[in-house]
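The structure under discussion appears below in the form of structure tokens.
Since this is a predicted model, take the numbers as computed values, not measurements. Below, all heavy atoms of this structure are taken into account, side chains as well, without hydrogens, waters or symmetry copies.
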Amino acid sequence: MRSTLRRGRAVIRSIWHRLENRFDPPIVILLYHRVTTLAADPQQLAVSPANFRAQMLFLKQHLPILRFEEDWSKVQQPAVVITFDDGYADNLNEALPILEEIGLPATFFICTGQIDTQQEFWWDELERVLLGERPYPPSFTLEDAQHGQRWPTTTASERQQLYDQMHPLIKQVDAPQRTDWLAQLRAWAHLDDQGRPSHRAMSSAELQKLASSPLVTIGAHTITHTRLAVQSAARQAEEIQASKQKLETWLVRPVPTFSYPFGGRRDYNQTTLALCKTAGFTKVAANYAGQAHRWSDRYQLPRQLVRDWPTERFAQALERFWVT
């Protein structure tokens, strides 16, 4: 019964969006994270350079490409916007050369707390600690008053189960608690906090080089990449305003755009929206399916997540994006 209702709602939503699109040209905002080739990618964040080039060529041949920060009110036909979240070094080393080769603009939302560090983003560190090819203790016990529990970890499948359960659990807590949990995991696995070069964020010098491209716009993405909805108003304000200020210091230019970490509807709240307005952002990107229209709330613009798809699969997904 529930599946039938979901399908029915999806059909109604598709019809509604098709009607909307007849009255106002839709803008689809694409969301990328990484352009690189990885041995393992459990969160499916990486698009290979070959597939990314093919996707960009397809866009260049078929659709107008807008900048995220532009005024879209006078757009007369369907268009696409290209965005990246987080600030991985491969954004500069792999994605930018392809964008410049083809001549497409993109906005990069940067998590400032990772810049100039050798530490990995927490989801990458979780993978590095739990899913490696090394001897592991037979069990892991998380010491935490509310969430503490024990997991068996002898086999690869048991460690995969621990990863699958820890990932959403860590997402629900604030940055200090997350730091403590990751420290417990590293101590258990006898690892330090030195990240893999393949998973590092940019340095500030690399960020400045990225920002120097006329095709690039830089936006803010908080300090610690923690769900804003789980934080107090004061902590949210610090995450939002300090990330903007740090970027403006590095780049010596205004940073008028922002994207929510994770970006689902439950990952931010009304306090977050108010703080983004107070901080002076003119547009903010979320991360749930939909198109942008003239009437869209510019503080929660929908985006479509792109995976490591070859051209044919990308074209199919893009066609579906127009009516999602």
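- Note that CG of Leu30 is 6.5 Å distant from CG of Leu318, once rounded to the nearest 0.5 Å.
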Mind running salt bridge (charged side-chain N to carboxylate O under 4.0 Å, His left out) on Arg303 and Asp85 for me, showing each step along the way? CA-CA 11 Å; Arg303 289 189 290 175; Asp85 275 3; 2.8 Å; yes

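- Comment: Arg200 does not engage Glu120 in a salt bridge, judged by the lack of any side-chain N to carboxylate O separation of less than 4.0 angstrom.
- Looking at Glu239 and Lys244, no side-chain N of the basic residue comes within less than 4.0 Å of a carboxylate O on the acidic one, giving no salt bridge.
- Closest heavy-atom contact between Leu104 and Lys60: CD2-CD, 3.7 Å.
- Residues Glu248 and Arg253 are not paired through a salt bridge, judged by the lack of any N-O separation under 4.0 Å between the basic side chain and the carboxylate.
- Salt bridge present: Glu101 and Arg53 bring a charged side-chain N and a carboxylate O closer than 4.0 Å.
- In this structure, a donor-acceptor pair under 3.5 Å is absent between the side chains of Thr282 and Arg298.
- Between Phe140 and the choices Trp181, Trp188, Tyr163, the ring pair (Phe, Tyr, Trp, His ring centres under 6.0 Å) rule is met once, by Trp188.
- Using cut-offs of 30° and 60° on the angle between ring planes, the pair Trp295 and His293 is parallel.
- Cation-pi geometry between Lys171 and Trp123 is not satisfied (NZ or CZ under 6.0 Å from the ring centre, within 45° of the ring normal).
- Aromatic pair Phe258/Tyr299: ring centres not closer than 6.0 Å.
- Here the side chain of Gln55 pairs a donor or acceptor atom with the backbone of Trp309 at under 3.5 angstrom.
- Across Arg178, Gln177, Gln184, a single residue satisfies side chain to side chain donor-acceptor pair (under 3.5 Å) together with Asp180, and that is Gln184.
- Between Phe109 and Phe68, the ring centre distance stays below 6.0 Å.
- Atoms CG and CG, from Asp90 and Leu38 in turn, are 7.5 Å apart once rounded to the nearest 0.5 Å.
- Residues Ser259 and His221 approach most closely at OG-ND1, 2.6 Å, considering heavy atoms.
- Of the possible donor and acceptor atoms, none in the side chain of Gln241 sits under 3.5 Å from a partner among the backbone N and O of Glu238.
- Remark: aromatic rings of Phe262 and His225 are close, center separation under 6.0 Å.
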Could you please spell out the steps behind the side-chain contact (heavy atoms from CB on, under 4.5 Å) verdict for Asp71 and Glu69? CA-CA 7 Å; Asp71 178 4; Glu69 72 276 14; over 6 Å; no

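- Ionic pairing of Glu125 and Arg128 is present here: one or more N-O contacts between side-chain nitrogen and carboxylate oxygen are shorter than 4.0 angstrom.
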